[in-house]
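Protein chains get the first letters and strands the later ones, always in sequence-line order, with residue 1 at the start of each.
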Amino acid sequence: MSNGHSGNSNHHTGTWVAKSGLAQMLKGGVIMDVTSADEAIIAEEAGAVAVMALERVPADIRMQGGVARMAPVSKMVEIRDSVSIPVMAKCRIGHFAEARIIESLELDYIDESEVLTPADPENHVDKNDFKIPFVCGALDLGQALRRIAEGAAMIRTKGEAGTGDIIEAVRHMRTMMKQIRHVASLEKDELITESKALQAPYDLVKEVHRTGRLPVVNFAAGGIATPADAALMMHLGAEGNFVGSGIFKAAKQNSDNDEEMQTIALSLARAIVDATMNYKDFKLVADVSKNIDVAMSGISSTEIPHPDRLASRGH
Amino acid sequence: MSFQFDVGVLAVQGSFAEHMQILSEINCPAMEVRSQKDLEQVKSLIIPGGESTTIGKLVRRFDLIEPILGRASEGMPIWGTCAGLICLAKDLGPSDPPILGLMDIKVQRNAYGRQIDSFETAIELDSTQGDPFHAVFIRAPIIVSIGPNVEVVATIGQNSIVAVEQDQYLATSFHPELTDDPRFHLRFVSKIKG
């Protein structure tokens, strides 16, 4: 499986640089949730840097309930073979067998995600041991560094997926950035105490202190529904955006035929890509938003009782 | 025309911040380029790593192709890393139209496979460039064939071409911006005149 194509013993595959480097190549871009090959092709056409293969988008998982699992293998394969951009898929927290299946299908990235029903409430997957990289959600710096210690090569905010409400993503990004600035401002002899307070490995806390940034690429996710949301998250420090229900779910809510749905999805997706790239240029963000008169009809995160919040999954 | 910056880094998407960082470490004045107006302020251009499909769509959507081609015809140096190399190539295969099409090279996208096959290795540079270079290949393309005016700069082993030069253009299928070895950045900067 690995190294099969290059066939050279001097090629070191699955290294930390190869894994975290792919996230660096995705920066400034938008990663979109898709549930079919058709949607993946629209996402690619709109300029997505990657797609996330799912059985149901978070808004539907939230609405329909039940156990949310890794997407069916046939769906992941169909989506993998439909586009040239990287394809990601979600596994349940701690479900290393789902993760191994995604790896064996040679998808490009695994999202060990709180959006799916957790499989192991105690232990996340040991991600260092995989040949393909992982992205994980985090709501603060301690969580982010714990995931990185387990091998995550990319971090995203958790936000509150499937709501179309940006408040939690903003909260998580603000918290993380504030904590990073705090760690950077400390004296060296204060770092061990800080490491204890964050419940994060000392070496990673030292790295944040030295560089003033997270050791891996950090995207925003969970509630991004408009070009303005995308621009907001970039200003707060996100290096790119994940958009889940905000594109195809929003398009389906606003149309009853396929063709119209696809047109709406394409223009929404494009506008979010353009706003993410040009987030500093609000005239341009306004301009790309001109053709958008729909967004997903969201639910306010504050109305969701705490036990039902996806962001509280994982630790 | 007076240019304010020696190098512009195309900041549509991808590893532009990494290029900016190395350029700053070698004290080379550089700026991020997102528009035609930005392009008018730089003497040369780096097209970074990223998703070539995405970068190709966005440079078209934001009308950057013609201005880049215009500057190229006046002799502006351009360096493409990975996705940037794909942007520079004339031939991407039968089903894929070229993006800028400035270099006489034929390129195969994702030639080593998917992400699981991304790798690091030491590559051989031509005799003028010294020690092997530690190179990072991420879903990398390879250069399948080159035209008569194209010079090979680096290979893996004897036969796989991974860096080439033609006139004022440089292309690498790997990412010198992900390492701390500035030799390729210095090589590119030496192409800038005035």
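For A:E239, no part lies under 4.5 angstrom from a heavy atom of chain B. With a 4.5 angstrom heavy-atom cutoff, B:S15 touches chain A via backbone and side-chain atoms both. Residue contact with chain B, scored on non-hydrogen atoms closer than 4.5 Å, involves the backbone and the side chain of A:V87 alike. If you measure heavy-atom distances from A:A50 to chain B, you find no contacts under 4.5 Å at all. Residue B:V12 touches chain A through both its backbone and its side chain, counting heavy-atom pairs closer than 4.5 Å.
Using the six-membered ring where Trp is involved, B:F137 and B:F174 have ring planes that are tilted, between 30° and 60° apart.
Taking the charged nitrogens against the carboxylate oxygens, A:D281 and B:R34 have no contact shorter than 4.0 Å, which rules out a salt bridge. Salt bridge annotation for B:R187-B:E165: present, with a cationic side-chain nitrogen under 4.0 angstrom from a carboxylate oxygen. The pair A:R270-A:E45 counts as a salt bridge, with a side-chain nitrogen and a carboxylate oxygen less than 4.0 angstrom apart.
Interface remark: of the candidates B:L178, B:N110, B:I55, B:V136, B:L178 forms the most heavy-atom pairs closer than 4.5 Å to chain A. Listed options A:G29, A:A48, A:G240, A:S84 were ranked by heavy-atom pairs under 4.5 angstrom with chain B; first place goes to A:S84. For the set B:R109, B:R61, B:E177, B:E18, the count of heavy-atom pairs under 4.5 angstrom toward chain A peaks at B:R61.
By the 6.0 Å contact criterion, CG on A:D81 is enclosed, its count of non-hydrogen atoms from other residues, nucleotides or ligands being greater than 12.
Separating the NE2 atom in B:H185 from the CD1 atom in B:I22 is a distance of 4.5 Å, to the nearest 0.5 Å.
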